[in-house]
Amino acid sequence: MPELPEVETIVRDLRPGLLGRRLERVDLLRPSVVRFPEASRFRARLEGRTITSVSRRGKFIHLGLEGGEELVVHLGMTGTLTLERESEPLRLHTHLRIGLGRSEELRFRDPRRFGRVLLGSSGELQLAGVLPRLGAEPLEPGFAVQELASQLRRSRRAVKSVLLDQALVAGCGNIYADEACFRAGIRPDRRACRISQPRAERLLRELRLVLEDAIRRRGSSFSDYRDGFGARGEAYEALLVYGRGGQPCVVCGAPLRQSRVGGRGTVFCARCQR
DNA sequence: CCCCTATCCTGAGGGC
DNA sequence: TGCCCTCAGGATAGGG
């Protein structure tokens, strides 16, 4: 599923091809993917605008438009946002096509439809309650590991659930939460308030490292995730625990335990993680 | 306020 | 071979 590394890869892929391009033709095949404004106003409000920036905040993709508004895309579980030739056959579950001229178009596809599309100024979207408040960006130089670790330690929830809380740290999802816990040697179901400050800081540093490594590998493509051109990433093959329940731990050889934390499938090594 | 659970949705995979 | 059941989970609404 698209988490921070996958979304970052897509943004880097799309940026050169989208900057300065004009949204010439908007074709909203499934209006329900647009959550703001009313889908009936979407096309008129978008058509003819020019893309001035392409960025990421947490798992959200922001296409800045001339005039100050933004087209915001969240990929949910199975969403893809790709720049393609118009001649490429349309895949099932393509919900939005935006023609850019030169026979190219931006396509949003999302079989499971957990994704969504928003259009408006950031203030307007915040006001409408369709853009959540997001926490720290793990890749930013200002990622305050000490401060965030002490915040994390205030919670009585499972440490993994806190990592998944987008209001504390933005962009971490189920895959990289498990990976960060493994690398830090922390059981994902351990209450956050029972982690020492140094170990909580280690957890956040490991999270940043695993996210950076996954970006270098262009994201985890075991299911629907594809980059900005529709190609697979190689990060799944480098994961140490996610998707490996029952297999031997790469460190100690004990079978990895598959469990459930906060309603999410979770894999960890009961020997290496305390 | 905090935290948990149900919900949305499709496709894959297992059992029979 | 085919049907049906379960499971996967990001974000959010609602309940305890």
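All figures in this text were calculated on a predicted structure; none of them were measured in a lab. Residue numbers begin at 1 in each chain, while the letters A, B, ... track the order of the sequences.
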Asks: Angle class for the A/F222/A/Y242 ring planes (parallel below 30°, perpendicular above 60°, tilted otherwise)?
Replies: tilted

Asks: Name every donor-acceptor pair, under 3.5 Å, that has one atom in a side chain of residues 162-172 of chain A and the other anywhere in the protein, sequence neighbours excluded.
Replies:
unit_1: A/D165; atom_1: OD1; unit_2: A/A167; atom_2: N; d: 3.0
unit_1: A/Q166; atom_1: OE1; unit_2: A/G171; atom_2: N; d: 2.8
unit_1: A/Q166; atom_1: NE2; unit_2: A/L164; atom_2: O; d: 3.1
unit_1: A/Q166; atom_1: NE2; unit_2: A/C172; atom_2: O; d: 2.9

Asks: Show your reasoning for whether salt bridge (charged side-chain N to carboxylate O under 4.0 Å, His left out) applies to A/E88 and A/R107.
Replies: CA-CA 11 Å; A/E88 285 294 313; A/R107 291 178 175 175; 5.9 Å; no

Asks: Looking at A/L100 and A/L23, what are the two nearest heavy atoms and their distance?
Replies: CD2-CD2, 3.5 Å

Asks: Under 3.5 Å, side-chain donor or acceptor atoms of residues 89-99 of chain A against the rest of the protein: list the pairs with distances, not counting sequence neighbours.
Replies:
unit_1: A/T94; atom_1: OG1; unit_2: A/R91; atom_2: O; d: 2.7
unit_1: A/H95; atom_1: NE2; unit_2: A/H93; atom_2: O; d: 3.3
unit_1: A/H95; atom_1: NE2; unit_2: A/D110; atom_2: O; d: 2.8
unit_1: A/R97; atom_1: NE; unit_2: A/E105; atom_2: OE1; d: 3.4
unit_1: A/R97; atom_1: NE; unit_2: A/E105; atom_2: OE2; d: 3.0
unit_1: A/R97; atom_1: NH2; unit_2: A/E105; atom_2: OE1; d: 3.4
unit_1: A/R97; atom_1: NH2; unit_2: A/E105; atom_2: OE2; d: 3.1

Asks: Write out all pairs satisfying salt bridge (Lys or Arg N to Asp or Glu O under 4.0 Å) with one or both partners inside residues 214-228 of chain A, taking only residues at least two apart or from two chains.
Replies: A/D13-A/R218, A/D213-A/R216, A/D213-A/R217, A/R218-A/D227

Asks: On DNA chain B, compare the nucleotides closest to A/R191 and A/L92; which residue's is nearer the 5' end?
Replies: A/R191

Asks: Could you pull out the protein-nucleic contacts involving nucleotides 9-12 of chain C (nitrogen or oxygen on both sides, under 3.5 Å)?
Replies:
unit_1: C/dG9; atom_1: OP1; unit_2: A/N174; atom_2: ND2; d: 2.6
unit_1: C/dG9; atom_1: OP2; unit_2: A/G265; atom_2: N; d: 3.0
unit_1: C/dG10; atom_1: OP2; unit_2: A/N174; atom_2: N; d: 3.4
unit_1: C/dG10; atom_1: N7; unit_2: A/R264; atom_2: NH2; d: 3.0
unit_1: C/dA11; atom_1: OP1; unit_2: A/H74; atom_2: NE2; d: 2.6
unit_1: C/dA11; atom_1: OP2; unit_2: A/K59; atom_2: NZ; d: 3.1
unit_1: C/dA11; atom_1: N6; unit_2: A/R264; atom_2: NH2; d: 3.2

Asks: Looking at every non-hydrogen atom in both residues, tell me the closest pair between A/R191 and A/R156 and how far apart they are.
Replies: NH1-O, 2.7 Å

Asks: Under 4.0 Å, heavy atom to any atom of DNA chain B: which of residues 216-231 of chain A qualify?
Replies: none

Asks: Show me, pair by pair, the donor-acceptor contacts under 3.5 angstrom made by side chains of residues 251-261 of chain A, not counting sequence neighbours?
Replies:
unit_1: A/R260; atom_1: NH1; unit_2: A/G263; atom_2: O; d: 2.7

Asks: Taking 5' to 3' order, which nucleotide of DNA chain B is first and which is last to have an atom within less than 4.0 Å of a heavy atom in chain A?
Replies: B/dC3 to B/dG11

Asks: Rounded to the nearest 0.5 Å, what separation is found between the CZ atom of A/R57 and the NE2 atom of A/H62?
Replies: 8.0 Å

Asks: When clusters are formed from ILVMFWY side-chain contacts under 4.5 Å, directly or step by step, what else is grouped with A/F229?
Replies: none

Asks: Please list all pairs meeting salt bridge (Lys or Arg N to Asp or Glu O under 4.0 Å) that have one or both residues in residues 167-179 of chain A, counting only residues at least two apart or in different chains.
Replies: A/K160-A/D178

Asks: Keeping to residues at least two apart or across chains, list the salt bridge (Lys or Arg N to Asp or Glu O under 4.0 Å) pairs with something in residues 35-44 of chain A.
Replies: A/R43-A/E47

Asks: With nearest nucleotides of DNA chain B determined for A/H93 and A/R157 from heavy-atom distances, which residue corresponds to the more 5′ nucleotide?
Replies: A/R157

Asks: Which ILVMFWY residues are connected to A/L127, directly or by a chain of links, through side-chain heavy atoms under 4.5 Å apart?
Replies: none

Asks: Give the angle between the helix axes at the two ends of the helix from B/dC2-C/dG16 to B/dC16-C/dG2, taking five base pairs at each end and rounding to 10°.
Replies: 50°

Asks: Which part of the nucleic acid, if any, lies within contact of A/S161, taking any heavy atom under 4.0 Å across all strands shown: a base, the sugar-phosphate backbone alone, or nothing?
Replies: nothing

